[in-house]
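Some notes on the structure that comes next.
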Amino acid sequence: MPNQLTGLHHLTAITSSAPRIFHFMSSILGLHLIKKTVNQDDVRTYHLYFTDDMGTPGTDITFFDFPGIQKAQHGNNEIARTSFRVPSDDALNYWINRFDEQRVRHDAITELFGAKILPFHDFDGQQYQLISDEHNHGIPAGTPWRHSPVPPEFAIGGLGPEYITTDHHEELISIMTDLLGFEKVAKDGQYTLLELNHGGHGAQVIIDYQRLIPAAYQGFGGVHHLAFRTDDRDSLQYWIKKIGGAGLDASGFVDRFYFASEYFRPIPELLFEIATDGQGFLLDETYEQAGVHLELPPFLEDQRAAIERNLVPFNTEPQSTEKL
């Protein structure tokens, strides 16, 4: 059907250190830094995009490094855990060994909704998991970065189910099913699995119903927002009108150059985005130079000198390609 949301587009989180998150995402997780730019709403802040080899929508995790921000407190009403897809159950065993060698804190392999998962954390306490695609269906995984230190048979292929912890359980599920088009496909205790258009792991959100934990507050080590895919600017305009008609707090049309967006709050504490598949991240640089130099959209280029003065430069040349 036209104008449907087609899956996860990207997730944006907050880090305490742009250089350290570059090392973690690139040299440990094996993701491609395809764009090194700035937060267009706060140009003192890097915006780093880590993706599959070519920057396919649905494979992006991005990071801000807001100056002076406090550490996040995990709790209620937050996008709490980010999933990355790996090809198989056996890949999770590879990652346990890799995490141990790289001194990455992780838990044991467990299972939820029929898929094996491996929770882990970064240096900020950001919460992640790997999820096995062994029994998955729907949206194909991306293509592993060709210079990744991780062998392709074990490599991360994109975003998987994103966890939202909330005590606005019924309200949030109603908005996601009745307004955004998710289907409620399974329930397991406190967890409810929602999915877009039979898209599998690349189109899922897990609602974690909590009533007694403290409220979350945003900071480094936490998630800023979650974005869903729509095809193009025409379909984005459909969603802008639909979300406006629902009376939700929304931004209206935002041009991010590499894609276009609308931001909105399904409940006051959460920020969602609808983003187009867009022009892509190689619009303004070659594959070989992607992520190496600071790139700015045309509407910020005349501010380059001032922007660069307020950023701490760091080297984003691809690091070790040793495969463990």
Side-chain angles (χ1 to χ4, degrees), residues 8-51 59-84 99 102-107 118-130 156 159-160 162-166 208 210 213-227 256 261 263 265 267-273 275 291 294 307-316 319:
L8 305 174
H9 188 281
H10 68 269
L11 179 134
T12 295
I14 305 171
T15 182
S16 65
S17 169
R20 289 185 72 189
I21 203 65
F22 167 65
H23 172 76
F24 188 85
M25 288 288 150
S26 179
S27 296
I28 296 178
L29 296 191
L31 299 179
H32 184 193
L33 177 62
I34 203 164
K35 189 61 59 182
K36 181 183 185 181
T37 185
V38 294
N39 180 340
Q40 295 173 14
D41 302 319
D42 182 353
V43 296
R44 303 169 304 157
T45 302
Y46 278 111
H47 196 177
L48 306 178
Y49 289 79
F50 299 92
T51 68
T59 70
D60 315 22
I61 183 166
T62 88
F63 286 88
F64 299 141
D65 64 338
F66 294 114
I69 196 168
Q70 75 278 359
K71 182 174 175 59
Q73 174 178 292
H74 294 297
N76 227 346
N77 299 308
E78 68 163 342
I79 301 161
R81 185 178 296 277
T82 302
S83 295
F84 296 112
F99 287 159
Q102 298 288 338
R103 299 182 181 178
V104 173
R105 184 160 56 96
H106 66 85
D107 299 333
L118 173 60
F120 67 101
H121 301 79
D122 70 10
F123 53 89
D124 284 329
Q126 186 87 238
Q127 299 180 141
Y128 309 99
Q129 70 176 24
L130 300 176
I156 290 171
L159 296 177
E162 305 302 328
Y163 287 67
I164 298 174
T165 303
T166 186
D208 179 2
Q210 297 281 353
I213 63 174
Y217 63 77
Q218 201 167 78
F220 67 82
V223 171
H224 189 272
H225 67 269
L226 172 62
R256 296 301 190 198
S261 300
Y263 300 84
R265 294 192 180 276
I267 59 175
E269 301 89 345
L270 297 181
L271 183 61
F272 284 173
E273 177 183 356
L294 182 71
I307 288 170
E308 289 183 339
R309 279 197 301 271
N310 287 307
L311 293 173
V312 177
F314 68 103
N315 181 16
T316 49
Q319 297 184 5

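Using a 4.5 Å heavy-atom threshold, the side chains of Gln127 and Tyr163 count as separate. Between Leu311 and Val43 the shortest side-chain heavy-atom distance does not fall below 4.5 Å.
Of the inter-residue distances, the one linking Phe99 atom CZ with Ile28 atom CD1 reads 8.5 Å to the nearest 0.5 angstrom. Atom OG1 of Thr82 is separated from atom CD of Gln126 by 5.5 Å, given to the nearest 0.5 angstrom. Here Ser16 contributes atom OG and Ile69 contributes atom CD1; the two are 10.5 Å apart, rounded to the nearest 0.5 Å. Annotation: the span from Leu33 atom CG to Met25 atom CE amounts to 11.0 Å, rounded to 0.5 Å. Between the OG1 atom in Thr12 and the CD1 atom in Ile79 there is a gap of 9.5 Å [rounded to 0.5 Å]. Atom CG of Asp122 sits about 10.5 Å away from atom CZ of Phe220, to the nearest 0.5 Å.
Judged purely by atom type and a 3.5 angstrom limit, Asn310 has no side-chain atom pairing as donor or acceptor with the backbone of Arg44. Gln210 places no side-chain N or O within 3.5 Å of a backbone atom of Gly75 that could act as its donor or acceptor partner. For the pair Gln218 (side chain) and Val223 (backbone), a donor-acceptor distance under 3.5 Å is present.
Considering every non-hydrogen atom in both Arg256 and Ser261, the closest pair reads CG-OG, 4.1 Å. The heavy-atom pair separating His74 from Gly222 by the smallest distance is CE1-CA, 4.3 Å. Looking at every heavy atom in both residues, Pro119 comes nearest to Arg81 through CB-NH1, 3.7 Å. Considering every non-hydrogen atom in both Leu159 and Leu11, the closest pair reads CD1-N, 3.8 Å. Scanning all heavy atoms of the two residues, the minimum distance from Pro214 to Gln73 falls at CB-NE2, 4.0 Å. Across His10 and Ala275, no two heavy atoms sit closer than the pair CE1-CB, 4.4 Å.
With hydrogens and angles left out, the side-chain atoms of Thr166 and Asn77 include a donor and acceptor closer than 3.5 Å. No donor-acceptor contact under 3.5 angstrom links the side chains of Thr51 and Thr59, judged on distance only. Glu78 and Thr165 share no side-chain donor-acceptor pair at under 3.5 Å.
Under the 30°/60° scheme for interplanar angles, the aromatic rings of Tyr263 and His225 are found to stand perpendicular. Note: Tyr46 and Phe314 have perpendicular aromatic rings, judged against thresholds of 30 and 60 degrees for the angle between ring planes.
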- Query: How far apart are the C-alpha atoms of Tyr217 and Gln70, what are their side-chain angles, what is the distance that settles it, and do they pass the side-chain contact (heavy atoms from CB on, under 4.5 Å) test?
  - Reply: CA-CA 9 Å; Tyr217 63 77; Gln70 75 278 359; 3.7 Å; yes
- Message: Walk me through whether Leu31 and Phe84 qualify under side-chain contact (heavy atoms from CB on, under 4.5 Å).
- Response: CA-CA 11 Å; Leu31 299 179; Phe84 296 112; 4.2 Å; yes
- Stepwise ring pair (Phe, Tyr, Trp, His ring centres under 6.0 Å) test for Phe63 and His47: CA-CA 6 Å; Phe63 286 88; His47 196 177; 9.2 Å; no
- Item | Candidate pair Phe120 and Leu29, rule side-chain contact (heavy atoms from CB on, under 4.5 Å), full reasoning | CA-CA 11 Å; Phe120 67 101; Leu29 296 191; 4.1 Å; yes
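Residue Asp65 is tested with Ile14, Thr15, Leu48 for a side-chain contact (heavy atoms from CB on, under 4.5 Å); the sole match is Thr15.
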